[in-house]
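Below, chains carry the letters A, B, ... as their sequence lines are ordered, and counting in each starts from 1.
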Protein chains: 2
Amino acid sequence: MAKTSENPYVVQPVMKALRVLELVARHGHEIALTAVSKELRIPKTTTFRYLQTLSAAGFLDHNRATDRYTLGPQMRSIARADASVSKIRGLARPAMTELMHEFNETVNLAVKGNGTIVYIDLIEANRSLRMQARIGDSHPMHSTALGKAILAFLPEAERQRQLDLPLTERTGRTLLEREEIERQLRQVARTGYATEMGENEDGAMCIGAPILDEHGYPVAALSISAPLMRMPHSLAAKAGARLREIAAGISARLGSQPAIAPR
Amino acid sequence: MAKTSENPYVVQPVMKALRVLELVARHGHEIALTAVSKELRIPKTTTFRYLQTLSAAGFLDHNRATDRYTLGPQMRSIARADASVSKIRGLARPAMTELMHEFNETVNLAVKGNGTIVYIDLIEANRSLRMQARIGDSHPMHSTALGKAILAFLPEAERQRQLDLPLTERTGRTLLEREEIERQLRQVARTGYATEMGENEDGAMCIGAPILDEHGYPVAALSISAPLMRMPHSLAAKAGARLREIAAGISARLGSQPAIAPR
DNA sequence: ACACGGGTTTCGTGTTGCGGAATTCGATAG
DNA sequence: CTATCGAATTCCGCAACACGAAACCCGTGT
């Protein structure tokens, strides 16, 4: 077999299992062990083990009734998440660049993770003083403008569930009282953007607006972050309005209906 | 390690590699070897091999410039194909049941594979005499009504490429001359449905209409199949018209613009 | 120049994946 | 009810090969 010649670091079991995964996935319908084994010329026993492993990991689904295999939830879930993220990133990027130039501050894009927000893109201002998140970082919902923007537009039940979790204290100014947080979230829902002042990182502030999908669900948020000293109230209000506007534009392109329908 | 206790047939390298795949995929952005290794508590060397293998298989993408990994084309392609198939199947199913009752013959749904059509669903008529395809089977394009319906609506270049391949002879009546096939395809393009009489299976016939996606590309086709003796010309014409109508309905729900725009 | 962090390569070890064969299971038939 | 076939599981002994520590390489920052 000349298969190994390519890359000395490929682990054969993994490679073969991936071929099984691909075959099953592309088959488009339930397929049985023997069929896979014959098609790929991998002995039945080995194929069996791969199918078991792939199923155990959720990448395949084993229908016990028919003893056949299909694409599993894990694959679908990963694909969905990825498609959603890249769609949002793609839609947001031009607007983010524009925003960055407009205010000459760093612009961030984050999606809602499980109880956190995860940065998926950011465009850095060309300034010496800046404290940045990195793409892939997670931050708590309640201590960031990005998170507060999302929280404010979450369905009531889910928001309550989020706020019931223990709230970590990132800085001395991090909001921890339920009352105060809820008051702010109502405010965010009214104005359409959230503000955070030194609650996540000392000396830094952030203004964020939510991005809603076609169901009106806040899947992501857009923000501008700056050192506290560089962002006076008047400028913050202007930035908030601008963020709201741009985020709404992205939401619209995700299929979200604006509050007041045009046409 | 209590990990193995579950299922004695899981092969560890595969399982661990899948955890790597999942982590990278869910990270939503480029991630480096060391980060993966630390996160999953898998030694650097091993993680390295998995990342190499996953990349070699196309499930991950290795950015040589930054030495980081992202979700690869293979995953996206599989996900796309799967989403498309299940969407079409879901949209078509009710109409297929209806059609089956209307004509009391088997109704088939197939997607375009690579040079073939692949059955992704079928509803069988409750009759004793029937010769069926099975879900997952592939048949040549040129010998089936499903395939001819798709061929007729393919972009010129791709159709030519298909017809340049050697054409297998399924029965004595299978069309093999380029001239005759192209004549028929023009006819199909005009009438909106394709007919096949004993060209794929002796004694069986089939009538098919294409399902077009939002770009007008024929991603799938719908058909009614019956023994030759049970489907006289007059009935076939009626079935063709009905198939065209129903397939167009499904196409519309896939976002395809009808030939004559309404509104 | 040096240390450091991250990626790649080497290499000897023994784990563990492999696959042939035996077994069970279930459906169909006689 | 027994036979038979085809498919999925289980068993088992062997050695291939995955493993991971450590060495190495290379670019960066100090």
Taking atom P of dG6(C) as reference, at what distance in whole Å does atom CD1 of Ile42(B) sit? 18 Å
For dC19(D), take OP1 and OP2 only and decide whether either is under 4.0 Å from a side-chain N or O of Tyr50(B). yes
Rounded to the nearest Å, what distance is computed from the CZ atom of residue Phe48(B) to the P atom of nucleotide dC19(D)? 14 Å
Nearest-Å distance for atom pair CZ/C1', residues Arg49(A) and dA8(D): 14 Å
Picking from dG17(C), dC19(D), dT10(C), the nucleotide nearest the side-chain atoms of Thr45(B) would be dT10(C)
For dC18(C) and Lys44(A) - does any side-chain N or O of the residue sit under 4.0 Å from the phosphate oxygens OP1/OP2? no
Could you tell me the separation between the CZ atom of Arg64(A) and the C1' atom of dC25(C), rounded to a whole number of Å? 14 Å
Please confirm whether the backbone N or O of Thr168(B) pairs with a side-chain atom of His142(B), one donor and one acceptor, at under 3.5 Å? yes
Hey, is the side chain of Tyr9(A) poking within less than 4.0 Å of OP1 or OP2 on dT9(C), counting only N and O atoms? yes
The side-chain contact (heavy atoms from CB on, under 4.5 Å) partner of Tyr119(B) among Leu146(B), Leu109(B), Val111(B) is Leu146(B)
Phosphate oxygens OP1/OP2 of dA18(D): is one of them under 4.0 Å from a side-chain N or O of Lys16(B)? no
In whole angstrom, what separates Lys38(B)'s NZ from dG5(C)'s C1'? 9 Å
Check every atom of dT8(C), dC18(C), dA8(D) against the side chain of Thr34(A) and return the nucleotide holding the closest atom. dA8(D)
Tyr9(A) vs Phe48(B) aromatic rings, parallel, tilted or perpendicular, using cut-offs 30° and 60°? perpendicular
Both Val11(A) and Asp67(A) contact DNA chain D. Taking the nearest nucleotide for each, which residue is further toward the 5' end? Asp67(A)
Distance check needed: dC18(C) C1' versus Gln52(A) CD, whole Å only. 16 Å
In whole angstroms, how far is the C1' atom of dG17(C) from the CG atom of Leu54(A)? 15 Å
I'd like to know if the side chain of Asn200(B) pairs up with that of Arg170(B) as donor and acceptor (distance under 3.5 Å, no hydrogens or angles considered). yes
Quick one: Asn7(A) CG to dT8(C) C1', roughly how many Å, whole number? 11 Å
By nearest atom, which of the nucleotides dC19(D), dT8(C), dA8(D) is closest to the Thr46(B) side chain? dC19(D)
Phosphate OP1/OP2 of dA18(D) contacted by Gln12(A) side-chain N/O (<4.0 Å): yes
Heavy-atom distance under 4.5 Å between the side chains of Ile123(A) and Arg93(A), does that happen here? yes
